Trainee: 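Before we start, here is the structure in question, set down as structure tokens.
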Amino acid sequence: MERFKHIISARQFDDPALLDHLFSEADEMQRLDAARNLPDLLHGRILATLFYEPSTRTRFSFEAAMQKLGGGVLTAENMRDSSSATKGETIADTIRIVSGYADAIAIRHYEQGTAAEAARISPVPVINAGDGIGEHPTQALTDVYTIQKELGRINGLRVALVGDLLNGRTIHSLLPLLTLYKDVIVDLISPWQLRLPLKHREYLMDKGVRFHEGDKIEGAIELADVAYITRVQRERFALPEEYEAVKDAYIINAQVADTLQPHAIIMHALPRVNEIAPEVDSNARAAYFKQAKNGLYMRMALLKHLLG
Ligand code: CP
């Protein structure tokens, strides 16, 4: 089984055996955490979390994961405004410096490709914690782990991806992982302005994955085993009126949620705005808060993989 130095793209994870291993490791982390019996695997090691874009789940779960395994963190939740980036320091120089202080770096940046650039320079592992509209591989690993836990399989599932498929980096990372499983069918549901980029559709075609595209939720969501809802990403729009035109394209309320199959799950990487009404939280199909918690255990498994 391949061990990675860096985690930059979900496309690195092309071995289902590695995913199974990470799922088992994440399960074990959850079990040990519940028993308050976690090992100090990463004692004396430091993770730097360099976030140039806002985050709640990714930064805190990485930091909690590191600390629960006995390690420490150097953290900056607003590198864009509070680091020497404001004085003109380049990413390359920042990585050269921070890699002298930390054993691994988790970086979130507003420009696609920045994590890959950091990995080319860094002597310590770099983790892509989201790069613009590029990828968010640790979220996607959390997502497939959640599907496996909730539904007991990924093979043969029908997955509806709903919302901003143009800018949704979680979707760009989830799709390559779904291609590893047999007979998965994908429904891509978005306003046409927010259609999945061609390169990702071509990837699905290259991998022989059956997919359908449309702009209507009705007719697709009722067939789904997994309804994965995404936020329309206001911060990626050049003009406010373009965002206003599509921001509430799809709203999952209690009535819509009840059109899903009884066993289906509703996922969302969060944060949500209006696309899932709070009344859905008590629906048995709602899996998004469990998904966020699973991110902690998957990131513990990943830190063990990189540093353990
Ligand atoms: N899912 C996710 O990436 O959430 P944050 O932006 O809060 O980290």
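Counting convention: from 1, in listed order, for ligands and their atoms alike. Everything numeric in this text was worked out from a predicted model, so none of it was measured.
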Trainee: Run the numbers for me: atoms of ligand 1, each under 4.0 Å from some heavy atom of T58, listed by number.
Mentor: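 Those of ligand 1 that fall under 4.0 Å from T58 are 2 (C), 3 (O), 4 (O), 5 (P), 8 (O).
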Trainee: Near Q139, which atoms of ligand 1 are under 4.0 Å from a heavy atom of that residue?
Mentor: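 What qualifies from ligand 1 is 1 (N), 2 (C).
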Trainee: Could you establish whether E53 and ligand 1 come within less than 4.0 Å of each other, counting only heavy atoms on the residue side?
Mentor: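 It does not, in that no heavy atom of E53 comes within the 4.0 Å cut-off of ligand 1.
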Trainee: How long is the span from the CD1 atom in I252 to the NE2 atom in H268, to the nearest 0.5 Å?
Mentor: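 Rounded to the nearest 0.5 Å, the CD1-NE2 separation comes out at 9.5 Å.
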Trainee: Determine, stepwise, if the pair L161 / I189 fulfils side-chain contact (heavy atoms from CB on, under 4.5 Å).
Mentor: CA-CA 6 Å; L161 305 174; I189 303 163; over 6 Å; no
Trainee: Find all atoms of ligand 1 within a distance of less than 4.0 Å from any non-hydrogen atom belonging to L270, and give their numbers and elements.
Mentor: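 The atoms of ligand 1 under 4.0 Å from a heavy atom of L270 are 1 (N), 2 (C), 4 (O).
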Trainee: Pairs of nitrogen or oxygen atoms closer than 3.5 Å, one from R59 and one from ligand 1: do any exist?
Mentor: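 No.
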Trainee: Could you check whether H136 and T58, counting side-chain N and O atoms only, form a donor-acceptor pair closer than 3.5 Å?
Mentor: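 Side chains of T58 and H136: pair found under 3.5 Å.
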Trainee: Ignoring hydrogens, what is the shortest heavy-atom contact between H172 and P197? Give both atom names and the distance.
Mentor: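 So the two residues come closest at NE2-CD, 3.8 Å.
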Trainee: Give me the nearest non-hydrogen protein atom to atom 7 (O) of ligand 1 as residue plus atom name, then the distance to 0.1 Å.
Mentor: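 Looking only at protein heavy atoms, the one closest to atom 7 (O) of ligand 1 is T56 N, 2.7 Å.
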Trainee: For A269 and ligand 1, does the shortest N/O to N/O distance drop below 3.5 Å?
Mentor: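 Indeed, backbone or side chain, A269 has an N or O that close.
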Trainee: Between Y145 and Y297, is the ring centre distance below 6.0 Å?
Mentor: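 Ring centres of Y297 and Y145 not closer than 6.0 Å.
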